[in-house]
Amino acid sequence: MACFERASPALKQILLQLYRADKPLAVEHHLHEFGSLQYHIQSYVTEAHHVYLSISTPILSTGSSILYGFPHYTIETVKGICQEVVQIVEPPKTGYQLTLKLDFSKIPRKKDAVKIITDVSSVQAVILSSQLRELLKNVKDQEISQGTYKPIKLVYHPNEPFYVVKQPAKLTVVFPIRFKEHSDIVIAKAFFQELVDVGNSGVCARAPPCYWSPIPPPELRGESMKDLSTNGGFVSFDISARHIEGKKLDKTVWNLVNFNALVKYHVKCTKGFVHRRMRGRLESLVEALQHTGMEEDHNIVKVKGHRGMKKLIKFTRNKILMKRWNLAKKMKRIRARIRIRGLKRWLKLPSFSSVMSYQKLEKL
C-alpha cells in the first residue's frame, strides 16, 4: 500500500513548472484521477506568482454531515499545510468543493520549495483523512440497540465501496473485491492468501492482521445483496488504536482508500510479468527448433532408389489397376467385333443369284 504516493504526481509536476517559470503564464489545466477526483489549475498573466487550485473530491459517506460541505476541522487541516502559501477562497469555483489560492512569491527559492509544493499536492489525502476521522468521531450515533455497531459504507471510487465497523477494541475494515476476468480472480486469490500468511506472521507483527473469506463476514450482516455480491471474496483488516495514533492516521487512511487500486495494480503487474515470461519462453523454443532444423539440413544423406520403384511411384492408380488385372486386353476383347463360325467360308461361296443361274443353264 505504501507504493502509492500521497501527493498527486501530475499536480506536483504542473505546480513545479509554474513555480520555475521565468515569467507569468496563462495556464488552465483539468486533471481527472482515480476515485472520481478532479483538479482545476488556473493562472493569469496579470496576477504574477498566484495560482488557483480547485478540487472536487467524492464524499466518502452520504450519511455524514460532510455531505453539506467540509467540516471546520478539514478546513483548518488544509490551512495547516502551509499557512503563508495556501489561502482558501470563498466561495469556491462553480462545480468544485474547495478552491485554494497559492502564493508562490512566499515560497523560498531553496530545496524547501519542492517539499512545500509536494505538501500542497497531497491536499486530497488530507481531505480524505479528515473525512474518515470525522466519520469515526460520529460513529456512536449509528449504534444499534442490540449493542453492535452498524457498518459505515464508504465510497471512494464508484462501484468499489468498503465498510468500516467500529468495535470496542478495534476497527474492522472490510473490502468486497470484484473483477471482470476470471484470470484476475485467480491471481488476486493467490495474492490474498500470501497477504494473510505474511500479515499474520511474526515478521509483520506491527501490521494490522489481515483476513480473507469467500463469504461476507459477520460484521456485514444486514447489508444489501448488491454490495455483497462479489467474485473475489472479502478482505478484512483489524486496526487497533496504535495504528491511528497521531501522524499514523493520515497514512493508514490513505492506504485504506487505495487498497482496491493496489490489488488491481498487483494483478496487472503479475499478468504482465507472466506474459513476458511466456513470450521469452516461446522465443527460446522457436530458436531451438530453428537451430535443430538447420543441423538436420546439413546432415541429409542422399540414398539412391531402385529404378523400378521410381517408375512405379510415377504410375497413377488407373495405370496400376490396368497393369495388375490385365484390363487392357479385356477391354480390347470387349470392343472387338462378334465372330460367327463358318462366316468366312460362307462368304467365299458364290452368291444365291449366281447359283440359280447356274442351275438354269444345266437344264438347257
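Scope of the values below: all heavy atoms of this structure, side chains included, with no hydrogens, waters or symmetry mates.
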Test item: W212 and L195 side chains (from C-beta on) under 4.5 Å apart, heavy atoms: no

Which heavy atom in L31 sits nearest to a heavy atom in I41, and how many Å separate them? CD1-CD1, 3.9 Å

Looking only at heavy atoms, what is the nearest atom pair of I117 and K12, with distance? CG2-O, 4.2 Å

I'd like to check P176 versus Y163 (side-chain heavy atoms, cut-off strictly below 4.5 Å). Are they in contact? yes

Working to the nearest 0.5 angstrom, can you tell me the gap between L100 CG and Y52 OH? 11.5 Å

Do V174 and V164 belong together in a cluster built from hydrophobic side chains that touch within less than 4.5 Å? no

With distance as the sole test, does S213 use its side chain to make a donor-acceptor pair with the main-chain N or O of F234 at under 3.5 Å? no

Within a radius of less than 6.0 Å around NE2 of H32, do more than 12 heavy atoms belonging to other residues, nucleotides or ligands occur? yes

ILVMFWY cluster, V85 and I75 together (side-chain gap under 4.5 Å): yes

Tightest non-hydrogen contact, residues P217 and S236, listed as CG-OG, 4.3 Å

Atom CG in D227, atom CG in L220: separation rounded to 0.5 Å? 9.5 Å

Checking K189 against I185 for the side-chain contact (heavy atoms from CB on, under 4.5 Å) test, could you report, in this order, the C-alpha distance in whole Å, the side-chain angles of both residues, the deciding distance, and whether it holds? CA-CA 6 Å; K189 288 183 178 180; I185 300 174; 3.6 Å; yes

Side chains of V86 and L102, heavy atoms from C-beta outward: is any pair under 4.5 Å? yes

Quick one: does L171's side chain get under 4.5 Å of V165's, heavy atoms only? no

From the list Y265, W254, F237, F191, ring-ring contact (aromatic ring centres under 6.0 Å, His included) with F259 holds only for F237

Heavy-atom closest pair (E219 atom, P151 atom, distance to 0.1 Å) is O-CG, 3.1 Å

Quick check against the 3.5 Å criterion: does T252 have a side-chain atom that pairs as donor or acceptor with the backbone of H243? yes

dist Q193:CD -> C210:SG (nearest 0.5 Å) comes out at 10.0 Å

Any side-chain heavy atom of E84 within less than 4.5 Å of one from D103? no

Distance, nearest 0.5 Å, that separates CG of N231 from NZ of K180: 11.5 Å

Decide whether I88 and Y39 are clustered together by the hydrophobic rule: side chain heavy atoms of Ile, Leu, Val, Met, Phe, Trp, Tyr closer than 4.5 Å, transitively. yes

For the side chain of H266 and the backbone of V263, is there at least one donor-acceptor N/O pair under 3.5 Å apart? no

For a quick check under 3.5 Å, do T99 and S54 share a side-chain donor-acceptor pair by atom type? yes

Under 3.5 Å, is there a donor on one side chain and an acceptor on the other for Q124 and T57? yes

For the residue pair D119 and V126, establish whether any side-chain heavy-atom pair is separated by less than 4.5 Å. no

Check P92 against E90 and note the closest heavy-atom contact, atom names and distance. CD-OE1, 3.9 Å

Is the backbone N or O of L25 less than 3.5 Å from a side-chain atom of S43, with the two atoms forming a donor-acceptor pair by type? yes

Quick check on R242: does its CZ atom have over 12 non-hydrogen neighbours (other residues, nucleotides or ligands) under 6.0 Å away? yes

Got I239 and L256 here, is their nearest side-chain heavy-atom distance under 4.5 Å? yes

Other residues, nucleotides and ligands only: do more than 12 of their heavy atoms fall within 6.0 Å of CD on E28? yes

Do V173 and V198 sit in one hydrophobic cluster, given that two such residues count as connected whenever their side-chain heavy atoms are within less than 4.5 Å of each other, even indirectly? no

Looking only at heavy atoms, what is the nearest atom pair of Y19 and I107, with distance? OH-O, 3.7 Å

Check the orientation of F175 and F162. Use parallel for under 30°, tilted for 30 to 60°, and perpendicular for over 60°. parallel

Rounded to the nearest 0.5 Å, how far apart are CZ of R277 and CG of L282? 13.5 Å

Report, as yes or no, whether the 6.0 Å neighbourhood of atom NE2 on H30 holds more than 12 heavy atoms from other residues, nucleotides or ligands. yes

Ring geometry between H40 and Y96 (parallel below 30°, tilted from 30 to 60°, perpendicular above 60°): tilted

Salt bridge check: are D184 and K271 linked by an N-O gap of less than 4.0 Å? yes

Can a donor-acceptor pair be found, under 3.5 Å and without considering hydrogens, that links the side chain of H50 to the backbone of S105? no

Check whether any side-chain N or O of R178 sits under 3.5 Å from a backbone N or O of S229 as a donor-acceptor pair, and report yes or no. yes

Would you call D238 and Y211 a side-chain contact if the rule is heavy atoms closer than 4.5 Å? yes

dist I55:CD1 -> L98:CG (nearest 0.5 Å) comes out at 5.0 Å

Among the clusters formed by ILVMFWY side chains lying less than 4.5 Å apart, do V51 and L11 turn up in the same one? yes

